[in-house]
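I have placed the structure first, in the form of structure tokens, so that the comments after it can refer back to it.
Count residues from 1 along the sequence. These figures come from a predicted structure and were not determined experimentally.
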Amino acid sequence: MLFLREDWKLFRNIETLSQKAGVPQESIPSLVVKELVDNALDVGSTCELDLMPEINGFYVHDSGEGIAPEELRELFSVSRPLVSSKLLRLPTRGALGNGLRVVSGAVLASGGHIQVCTRGKEYHLRFDQDGNTDVSEVGDSSGQGTRVIVVFGANLPVRDSDLEWGRLSIAFARGSDFKCKTSPYWYTSEAFYELANSYYGSVETLAASFDGINRGKAKEIAGLFPDRTSEQLSFDDTEFFLRELRANSSEIKQNRLGQIGDHPDFRDYSAAPGYNRVKSLRGQHSATIPYLVEAWVSLAEKSKLTFLVNKTRITGDVRIYDDRGKLSLFGCGLGHSIKSKSANIVVNVQTPYMPITSDGKEPDLEPMASEIVDAIRRAAAKARRSVSHSKDTGRRNEKEIILYYLQEAVGKASGQGVYKFSQRQLYYAIRPYVITQMDKQPDYNYFCRVITEYEAESGAIPSMYRDPRGVLYHPHLKEEIPIGTISVENYERPEWTFNKIIYSEKEGFFTILKDAKFPERFDCALLTSKGYASRAVKDLFDLLGDTDEEILFFCIHDADAAGTKIYETLQEGTMARPGRRVRVINLGLDPEEALEMGLEVETAQRAISRRPVASYLDDEWREWLQDNRVELNAMTSPQFLEWLESKISAHGVRKVVPDNQVMLRTLRAEVIALTSQQVQEQILREAGYDQRVRRAIQAVTPIIEQEASSLRRVVSNELDSNGEAHWSQPVRDFAKKIVEKLG
């Protein structure tokens, strides 16, 4: 036998409703409350929620414009198709658009009813087993907005505790909200195809709903698909459609998603931004989904964890366990531990798209797990210091003050986790606390050491970058790149350009090497950070070592105590970077070869009783370096070049020669480009290109003069509607319209 059942029928009995809602039967009232509160908060910053025990119900009252009476039957129907604006990805409450179907299904399954007071009238909603909803007007109502009264049947009791999810949403309906339109970068090829095919309207209207697309541009894009509505577009059409949208907009950063921020019920707060990259399996366009994780922590006798997505509680179950000074998180893709005492923790993930694993909107938190853990960990550390501070009446030293106020200063410098910030900015955020409590100016170098030690124990401070303190020179390309943590994050190694890199503590030698064409002759990049290698330099070494092309790493330095440590720390790393994933070759200058070359020996002035010297030297030379030194500068330019060439040649290095496939691909591309250029020039000559261009320019010049008077107004209007655009974009659009007039 074959049994068929329409999907909507799963909403009309309590057992299968739990399946669609993604919660156990006892949580159905809580979910109904949450869905109605979320809808109310979508139209206003707050709403009223209260229990009505005398009728086994509750009410939610919003401050919006109300619901049109003719829409009530369709909105509160379990048999309607999935009609939702939620397919447009936005960092707002809700995910599937099933909310009111769950509300209606719970009332139908329990034998209850709903009353709606809106736009001066009161309506009674009764639900039938055939999926239809009967709406009858029962009288007048007063007040603004919409009041929805839900009455359950006796078999589904509602209690005060069932209002907690809704109260939580109301409590966290604060902070800033998303002010933009959806971004085309938030959709994979597949997701955008589904969106376009679910919209029964014009291509122009759909295009105009995206960030950065004004009406003029939307009309232009729609012109690419004449006589077709959105749902008629093929997959290939939507591929081209999405490419056009992206070409005319820019990615939206995490700081524009909105956030809750500081909360009066929690002192200790932290935030961590991130991106979820979702690859397309069928098309050309992958999605870049920004998100902002917020965490609030207060120490408590028993741990409790609450998860929100876009300021509303999730239906999925994430559990927290106390385990010998650690908090373990399990569920919804999480399986992580955090060093902390027992705590009450609330986490909010603000994002336009949350992967879900069920119709009940259970989220998959795994893609943003590292930021979730990091935000909780930093808020928990701040909470521990808050408790410690309340118990401690003694005087702190400078390090204790820095660490105590560190998370607060990070929040201040980063706009509560939204923006990147420099180590120097963090120093200035900490500085007032040190001055106030110690009556002294903090030392920046000491501050940096404390931060390095902290990161060695607790991990890197998210979003903090070090200012550029060095330069990378690419051979052949003849370009210099300032080296800081941000530039390294964005760095891409140019293909088949160099297979060696020399780190020098002295940037001055770059001039000699470039003048002698050393980088080009040896296919060698040059790198310096003017002394000890910075964090960014070490990260760059690791990044280059992870690429597929071969590369050798070299270091040159003075023959002095500090020079030997420059090499050693470059290879072995620091507390925050335990060591390189690549081998660094020490070329010297070492004391023994300096003496053999007859270079001038200087007496080293001691500022401390004993200088630290690298461990790779034997005791004799370690002792010699306590009072003596030889600089690389003691060599003449010819000596230096001869010395370096002999040193690097001893390692059997050779020029960059790609494999045959790479060279053949390059040859083919060059021949095709030259042939194309040759044919193009021939066609243009035969067609009288130059003469035709002159005639066309003469024809269009009067039109430019005619339209020029309105140019400022057009540009100003476009910039008002798209504040991120450069003035040249509307000028280009204006120019395109002028050219189109010529046909």
Side-chain angles (χ1 to χ4, degrees), residues 253-255 259 261-262 267-274 292-297 339 370-371 373-386 388-389 396-470 482-490 529-540 573-577:
K253 303 296 185 183
Q254 297 97 330
N255 63 300
Q259 65 183 106
D262 290 326
R267 175 181 173 185
D268 301 306
Y269 165 80
S270 183
L292 177 68
V293 177
E294 302 181 272
W296 298 263
V297 175
K339 184 179 178 181
S370 60
E371 285 77 18
V373 169
D374 184 65
I376 295 175
R377 178 180 54 76
R378 289 191 285 118
K382 191 174 180 181
R384 290 195 301 272
R385 283 190 287 272
S386 297
S388 175
H389 179 61
R396 288 184 171 82
N397 60 34
E398 186 171 343
K399 179 178 180 179
E400 291 170 336
I401 294 171
I402 291 170
L403 294 178
Y404 177 76
Y405 290 103
L406 180 59
Q407 297 305 321
E408 193 167 329
V410 166
K412 180 180 177 181
S414 65
Q416 300 304 330
V418 174
Y419 300 97
K420 287 184 177 291
F421 60 97
S422 69
Q423 184 172 248
R424 193 82 181 177
Q425 286 175 298
L426 183 60
Y427 164 75
Y428 278 102
I430 286 284
R431 188 170 175 270
Y433 300 114
V434 177
I435 293 174
T436 300
Q437 298 192 27
M438 299 192 69
D439 194 27
K440 59 167 276 190
Q441 297 282 344
D443 179 76
Y444 180 67
N445 291 329
Y446 178 72
F447 167 80
C448 292
R449 289 200 300 274
V450 172
I451 295 302
T452 299
E453 292 172 3
Y454 169 83
E455 289 186 311
E457 177 184 347
S458 304
I461 297 174
S463 298
M464 186 180 79
Y465 66 89
R466 268 77 175 179
D467 292 322
R469 190 170 63 86
I483 294 300
T485 50
I486 290 182
S487 59
V488 170
E489 285 178 14
N490 299 322
S529 62
K530 303 174 184 178
Y532 281 88
S534 64
R535 173 84 58 85
V537 164
K538 296 166 186 175
D539 287 346
L540 180 62
T574 63
M575 289 181 291
R577 291 290 190 278

Discussion item. With side chain to side chain contact (heavy atoms under 4.5 Å, CB included) as the criterion, how do Leu406 and Ile451 come out once you've worked through the C-alpha distance, each side chain's angles and the decisive distance to 0.1 Å?
Written reply: CA-CA 9 Å; Leu406 180 59; Ile451 295 302; 3.8 Å; yes
Worksheet item: When rounded to the nearest 0.5 angstrom, what is the spacing between CD1 in Ile402 and CZ in Arg449?
Response: 10.0 Å
Discussion item. Do Tyr405 and Gln437 pair up side chain to side chain, a donor and an acceptor below 3.5 Å, judged on atom types alone?
Written reply: yes
Discussion item. Let me confirm one number: the CD1-OH distance from Ile430 to Tyr433, rounded to the nearest 0.5 Å.
Written reply: 7.0 Å
Discussion item. Run the side chain to side chain donor-acceptor pair (under 3.5 Å) test against Ser270 and tell me which residues pass, sequence neighbours left out.
Written reply: Arg378
Worksheet, complete the sentence: The reported gap from CZ in Phe447 to OH in Tyr427 (rounded to nearest 0.5 angstrom) is 8.5 Å
Item to complete: For residues Ala379 and Asp268, report the shortest heavy-atom separation together with the two atoms involved.
Response: O-CB, 3.7 Å
Worksheet item: Looking at residues at least two apart in the chain, or sitting in another chain, which of them share a side chain to side chain donor-acceptor pair (under 3.5 Å) with Glu371?
Response: Tyr291
Worksheet item: Which distance, rounded to the nearest 0.5 Å, do you find between the CD of Gln441 and the CG of Asp443?
Response: 10.5 Å
Worksheet item: Distance from Asp262 atom CG to Tyr269 atom OH, nearest 0.5 Å?
Response: 7.0 Å
Worksheet item: Tell me, do Tyr428 and Lys412 make a side-chain contact under 4.5 Å, heavy atoms counted?
Response: no
Discussion item. Which residues pass the side chain to side chain contact (heavy atoms under 4.5 Å, CB included) test with Lys399, not counting sequence neighbours?
Written reply: Asn397, Leu403, Tyr446, Val450, Glu453
Item to complete: Check Arg431 against Pro442 and note the closest heavy-atom contact, atom names and distance.
Response: CG-CG, 3.6 Å
Fill in: Smallest separation among heavy atoms of Val293 and Ala375, with atom names
CG1-CB, 3.9 Å
Discussion item. Return the CD1 to NZ distance between Ile435 and Lys440, rounded to the nearest 0.5 Å.
Written reply: 10.5 Å
